[in-house]
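The structure under discussion appears below in the form of structure tokens.
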Amino acid sequence: MSETRVRIAPSPSGNLHIGTARTALFNYLFAKKNNGKFILRIEDTDADRTSQEYIDNIFDSLKALGLNWDEGPDVGGPYGPYTQSERFDIYPKYVQKLLDSGFAYECFCTPEELEAEKEEATQAKKAYVYSKKCENLTNEEKEKLRAQGRKPAIRFNIAKAQKAFYPSSTLEFDDLVKGKLHMDTDLLGDFVIQKSNGAPTYNFAVVIDDALMKITHVIRGEDHISNTYKQILIFKALGFDVPEFGHLGMILAPDRSKLSKRHGATAVSDFVKEGYLTEALINFVALLGWSPSDGEEIKTVDQIAQDFRINEISSSNSIFEYDKLKWMNSHYIKQIPMDKLKEMLKPYLSKYNLGELSDAQYTKMIEITREPLVLLSDITDAVEYFFGQDVRIEPEAQTETLDTQIAQDVLKDFVSKAVDWDWTEENLHSKLEIFRGDWKEKGVKPKVTMWAIRAAITGRTRGADMIGVLEILGKEKTLYRAEKAIKKAAI
RNA sequence: GCCCCCAUCGUCUAGAGGCCUAGGACAACACCCUUUCACGGUGUAGACAGCGAUUCGAAUUCGCUUGGGGGUACCA
């Protein structure tokens, strides 16, 4: 059996989309599972929409997700080049072959003429299919058109290819994920394989590249199903082996429309910027359409590869629900070792003067604030009150807590007692316990006692472990903030 | 319009004729734990789109309807 070879072929007209990442993942998994090769090809035939920035983004994102390719533009390989724009000189040869064998013909129709044909079809409520009026142009007619300065596009002759290889006009293939798929190729229309400017169209270039790169399995989104029929016919007409195809359901936004920027991040790099971990992203996206046989959803790519069977992928679309991604992200954040997390969080702390804290204090701060993090970026807000002499008091903390008589009584008592406390974790722990106990005897719940202190010191009624907070802030700053809260109270 | 694909809790899914009074995960809700929030733990609620057919028996097979998605380019 020949080696399994799959590919991901993104078009660099934007940053790597999360949907493309999922397609890449399934290709990668398929390759891993079958001991094959995973190939990266950049499809940049449309020069206008392409940019180096996007190409770099695609490389970086794929790498960050752990989807390393065996052959590609940067690492090379036996069937390069792996960038389509560098392959332009190899396509004309195959176009000529098709022309010679009669599977393709020159088309001199102008955009206006084609537009008119389409208009007519729309009026008649019929499906538009190219009229084939250039199919049987004589040499004289062609010369005449050429003399007028018209440059022909090359069209593929669907009917001819269909007849040559299949008994009826129905083309059927066995899809790796969807099973039998079929289509009446009469409805396809003779499509352009080479533009009048000489550039190959997508459907043509893909076939040549996949054939020459010896791709054995084409796994891609189901938006390509109708292209598949066209491509199979080209493979056949050129005498190439037809690869196997597998079409994945699409990823939809929560409102069932296409996942776009207005729904939030869509590019892998955007997710990363927002504080998502690539481990969470790839794990989450794997669960869209695929499910583990042991029910354990948290898995690395390698673990998934062991368990992966392409025919078990769901053939329906799935909705990208951020909730579960977030849960998964928080799960992965919890697993990060302290030393590593301390560094990972720093980019999100640039607005603060980290110099205010010793390394021990910084470590302590992360230790007590990391638990509720869903996104790495959540640290920015979570840690605000550790910096500066004064603290921003949330309006609700002021009105609901600090402006109550109980809170003021508690705070006054706290200030008077804390002045004499020894400011160590152990001591603070026991002193506060006694403090809460005293107030409990006066009928004040421990929760309320702590709220008063927390609100004064952190400006909030929720947050990290209070003893840790006091320890990091130090006695001086703590008392300063507490006294200030007493003065500021509106009662 | 025409063609194609899809259809189990709100979401991701398990389920390949009897194991299903349909299982899990996220989200929701309740309770417990607790110095707050959170984490964690324990529970509760929640689905086979509809209609026909096949069968002793259907979430599982077939047909129709409905709904959703995709395609219909000298874009990829």
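Here is the naming used below: chain letters follow the sequence lines, and residue numbers restart at 1 for every chain.
- Figure legend. B:A14 is base-paired to no nucleotide; pairs are counted as Watson-Crick or G-U wobble with both atom distances under 3.5 Å.
- Pair assignment for B:U35: none, as no Watson-Crick or G-U wobble contacts are both less than 3.5 Å.
- Residues that satisfy the salt bridge (charged side-chain N to carboxylate O under 4.0 Å, His left out) test with A:Arg41, not counting sequence neighbours, are A:Glu43, A:Asp209, A:Asp210.
- Here the separation of B:G43 from B:A7, taken at their P atoms, is 33 Å to the nearest Å.
- Residues satisfying the ring pair (Phe, Tyr, Trp, His ring centres under 6.0 Å) criterion with A:Tyr105, sequence neighbours excluded, are absent altogether.
- Nucleotide B:G63 forms a pair with B:C51, judged by Watson-Crick or G-U wobble geometry with both contacts under 3.5 Å.
- Across every strand in view, B:U72 sits in a pair with B:G1 that passes the Watson-Crick or G-U test at under 3.5 angstrom.
- Applying the salt bridge (charged side-chain N to carboxylate O under 4.0 Å, His left out) definition to pairs two or more places apart or across chains, those involving residues 255-267 of chain A are A:Asp255-A:Arg262.
- Taking atom P in both B:G63 and B:C5, the straight-line distance is 11 Å, to the nearest Å.
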Sequence-aligned protein contact record of nucleotides 71-76 of chain B, with B where the base is within under 4.0 Å of a protein heavy atom and S where only the sugar-phosphate is: S-SBBB
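- As rounded to whole Å, 13 Å separates atom C1' of B:A25 from atom CG of A:Asp294.
- Atom CD of A:Glu222 is separated from atom P of B:G69 by 12 Å (rounded to the nearest Å).
- You'll find the side chain of A:Ile193 stays beyond 4.5 Å of the side chain of A:Arg155, heavy atoms only.
- Residue pairs satisfying the side-chain hydrogen bond (donor to acceptor under 3.5 Å, both in side chains) criterion with at least one member in residues 436-445 of chain A, sequence neighbours excluded, are listed as follows: A:Asp413-A:Trp439.
- The separation of B:C29 from B:G67, taken at their C1' atoms, amounts to 30 Å, rounded to a whole angstrom.
- Taking atom C1' on both B:U60 and B:U8, the two are 11 Å apart, rounded to the nearest angstrom.
- By the ring pair (Phe, Tyr, Trp, His ring centres under 6.0 Å) test, A:Phe26 is found to be paired with A:Phe308, residues two or more places apart in sequence or in another chain being considered.
- Between A:Leu188 atom CG and B:C2 atom P the separation is 18 Å, expressed in whole Å.
- Nucleotide B:C29 is matched to B:G43 when pairs are restricted to Watson-Crick or G-U wobble geometry with both distances under 3.5 angstrom.
- Looking at A:Leu25 and A:Ile282, their side chains come closer than 4.5 Å, going by heavy atoms from C-beta outward.
- Scored by the side-chain hydrogen bond (donor to acceptor under 3.5 Å, both in side chains) test, A:Trp421 finds no partners at all (sequence neighbours excluded).
- Taking the C1' atoms as reference points, B:C6 lies 15 Å from B:U13, given to the whole Å.
- Only the C1' atoms considered, B:A14 is 29 Å distant from B:C31, to the nearest whole Å.
- Rounded to whole angstrom, the span from the CG atom of A:Leu252 across to the P atom of B:C5 amounts to 18 Å.
- A:Tyr166 pairs by the ring pair (Phe, Tyr, Trp, His ring centres under 6.0 Å) definition with nothing, not counting sequence neighbours.
- Annotation: proximity of residues 393-401 of chain A to RNA chain B (heavy atom, distance under 4.0 Å) is found for no residue.
- Between A:Tyr202 and A:His224 the shortest side-chain heavy-atom distance falls below 4.5 Å.
- Checking B:C20 for Watson-Crick or G-U wobble geometry (two distances, each under 3.5 Å) identifies no partner in any strand.
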Anything under 3.5 Å between a protein N or O and an N or O of nucleotides 7-14 of chain B, put it in a table, one pair a line.
from: B:U11; atom 1: OP1; to: A:Arg256; atom 2: NH2; distance (Å): 3.0
from: B:C12; atom 1: OP1; to: A:Ile319; atom 2: N; distance (Å): 3.0
from: B:C12; atom 1: O2'; to: A:Leu287; atom 2: O; distance (Å): 2.5
from: B:U13; atom 1: OP1; to: A:Gly289; atom 2: N; distance (Å): 2.5

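- Among the candidates A:Thr201, A:Leu188, A:Asp190, the single residue satisfying the side-chain contact (heavy atoms from CB on, under 4.5 Å) test with A:Lys230 is A:Leu188.
- Using cut-offs of 30° and 60° on the angle between ring planes, the pair A:Phe88 and A:Tyr91 is perpendicular.
- When both pairing distances are held under 3.5 Å, B:G57 makes no Watson-Crick or G-U pair with any nucleotide shown.
- Remark: the separation of the C1' atoms in B:A25 and B:U65 is 33 Å, to the nearest Å.
- Residue A:Phe271 is tested with A:Leu325, A:Thr278, A:Leu277, A:Leu375 for a side-chain contact (heavy atoms from CB on, under 4.5 Å); the sole match is A:Leu325.
- Protein atom NZ of A:Lys180 is 17 Å distant from nucleotide atom C1' of B:C4, rounded to whole Å.
- Look at A:Glu106 and A:Arg146 and you find a salt bridge, because one of the NZ, NE, NH1 or NH2 atoms lies within 4.0 Å of a carboxylate O, short of that distance.
- If you take atom P in B:U36 and the same atom in B:C9, they sit 39 Å apart, rounded to whole Å.
- Applying the side-chain hydrogen bond (donor to acceptor under 3.5 Å, both in side chains) rule to pairs touching residues 307-323 of chain A yields A:Ser293-A:Asp307, A:Arg309-A:Glu312, A:Ser314-A:Ser316, sequence neighbours excluded.
- Rounded to whole angstrom, the span from the CG atom of A:Leu248 across to the P atom of B:C6 amounts to 13 Å.
- The CG atom of A:Leu171 sits 13 Å away from the P atom of B:C4 (whole-angstrom rounding).
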Sequence-aligned protein contact record of nucleotides 31-43 of chain B, with B where the base is within under 4.0 Å of a protein heavy atom and S where only the sugar-phosphate is: ----BBBBS----
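- Between the CD atom of A:Glu172 and the C1' atom of B:C3 there is a distance of 16 Å, given to the nearest Å.
- Salt-bridge check for A:Arg460 with A:Glu384: passed, with a basic side-chain N closer than 4.0 Å to an acidic carboxylate O.
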